[in-house]
Every structure is written in C-alpha cells, then in structure tokens.
Amino acid sequence: MLNSLTQSLTEGPQSLLELYTTLLLQNRNNPEALKELNETARLFISKIPDLTRILSDSTRVLETYLSYKISKRHEEATKRQEEMTKVLLRHNRILAFSTTFLALSTFGLVLVTVLLHI
C-alpha cells in the first residue's frame with residue numbers, strides 16, 4: 001500500500017502536469033474552460049500538503065507496526081533461546097553426574113585390581 005501510494009504521489013504530479021498542459025492547449029480559445037481548469041489546478045495544488053501529511057502518517061503507522069513485529073519476533077527468539085539453554089543445562093548436569101559416576105567406577109575397578117594383585 002505504501003509503495004503504491006508513494007509511487008502515485010511521485011509520478012502523479014508529472015502526469016497531471018502533462019494532462020494540464022494538454023487541456024490548456026485544447027481549450028486555449030475557450031476562456032470559461034481555462035478559468036475552470038485553472039481553478040481545478042489551484043484546488044489540487046492546495047491539497048498537496050494534505051496528501052503529504054497522509055503519506056507521512058501512513059509511514060509512521062507502518063514504522064510502528066514493523067517495530068512491533070520486530071519486537072515480537074525478538075521476544076519469541078529470546079524465549080526459544082531460554083528454553084534451549086535450560087535443556088542444555090539439564091543435559092550438562094546429566095553428563096556431569098555420568099562422568100563422575102564413570103570416574104568413581106574406574107577408580108573402584110583400579111582399586112579392586114590393585115588389591116587382587118597384592
């Protein structure tokens with residue numbers, strides 16, 4: 001929406017100027033039509049600040065929405081990272097207990113082997 005609105009606002013004035021020039025040339029012998037055409041052009045030009053304000057407001061709304069979406073995604077990524085960290089800590093704890101058990105078992109086997117060979 002913002003792209004099409006921006007494109008219309010940037011390309012529209014050139015197209016309108018060409019149309020205005022063509023209408024001026026076609027109606028150069030009709031003073032009443034020229035008067036109405038100039039009045040219409042004056043009214044359009046007076047609306048340009050309103051169109052600019054609308055575009056600016058639309059841009060701000062879109063920026064706010066995008067900031068919200070980025071914040072939500074960042075929050076979800078942080079939650080997923082916390083979950084994975086908890087799982088990793090649990091696995092590390094299990095691995096530490098297993099390593100300790102293995103070390104004690106190895107020590108016990110070495111002790112039994114030494115006592116049997118004495």
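Closest approach of V114 and I118 over heavy atoms only: O-CG1, 3.0 Å.
Taking hydrophobic clusters as Ile, Leu, Val, Met, Phe, Trp and Tyr residues chained together by side-chain heavy-atom distances below 4.5 Å, V61 does not share a cluster with L55.
Rounded to the nearest 0.5 Å, atoms CG (L66) and CD1 (I70) are 6.0 Å apart. Note: L19 CG to L24 CG = 9.5 Å, rounded to the nearest 0.5 Å.
Residue pairs meeting the salt bridge (charged side-chain N to carboxylate O under 4.0 Å, His left out) criterion with at least one member in residues 63-77, sequence neighbours excluded: E75-K79. The side-chain hydrogen bond (donor to acceptor under 3.5 Å, both in side chains) analysis of residues 21-40, with sequence neighbours excluded, yields the pairs Y20-N38, E39-R42. Pairs of residues two or more places apart, or lying in two chains, never qualify as side-chain hydrogen bond (donor to acceptor under 3.5 Å, both in side chains) while including a residue from residues 98-118.
Evaluation of the side chain to side chain donor-acceptor pair (under 3.5 Å) rule for E83 yields no partner, not counting sequence neighbours. Applying the side-chain contact (heavy atoms from CB on, under 4.5 Å) test to Q81 and every residue at least two apart in sequence or in another chain returns M84, T85. Every side-chain contact (heavy atoms from CB on, under 4.5 Å) that D57 has, sequence neighbours left out, goes to R53, R60.
The environment of NE2 in H91 is crowded: more than 12 heavy-atom neighbours from other residues, nucleotides or ligands sit within 6.0 Å.
Taking Ile, Leu, Val, Met, Phe, Trp and Tyr as members and joining any whose side-chain heavy atoms lie under 4.5 Å apart, directly or through other members, L95 forms no hydrophobic cluster with any other residue. When hydrophobic residues (I, L, V, M, F, W, Y) are linked wherever their side-chain heavy atoms come within less than 4.5 Å, the members clustered with L116 are V112.
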Enumerate, atom names and distances included, each donor-acceptor pair closer than 3.5 Å involving a side-chain atom of residues 44-51, sequence neighbours excluded.
| residue | atom | partner | partner atom | Å |
| --- | --- | --- | --- | --- |
| S46 | OG | L43 | O | 2.6 |

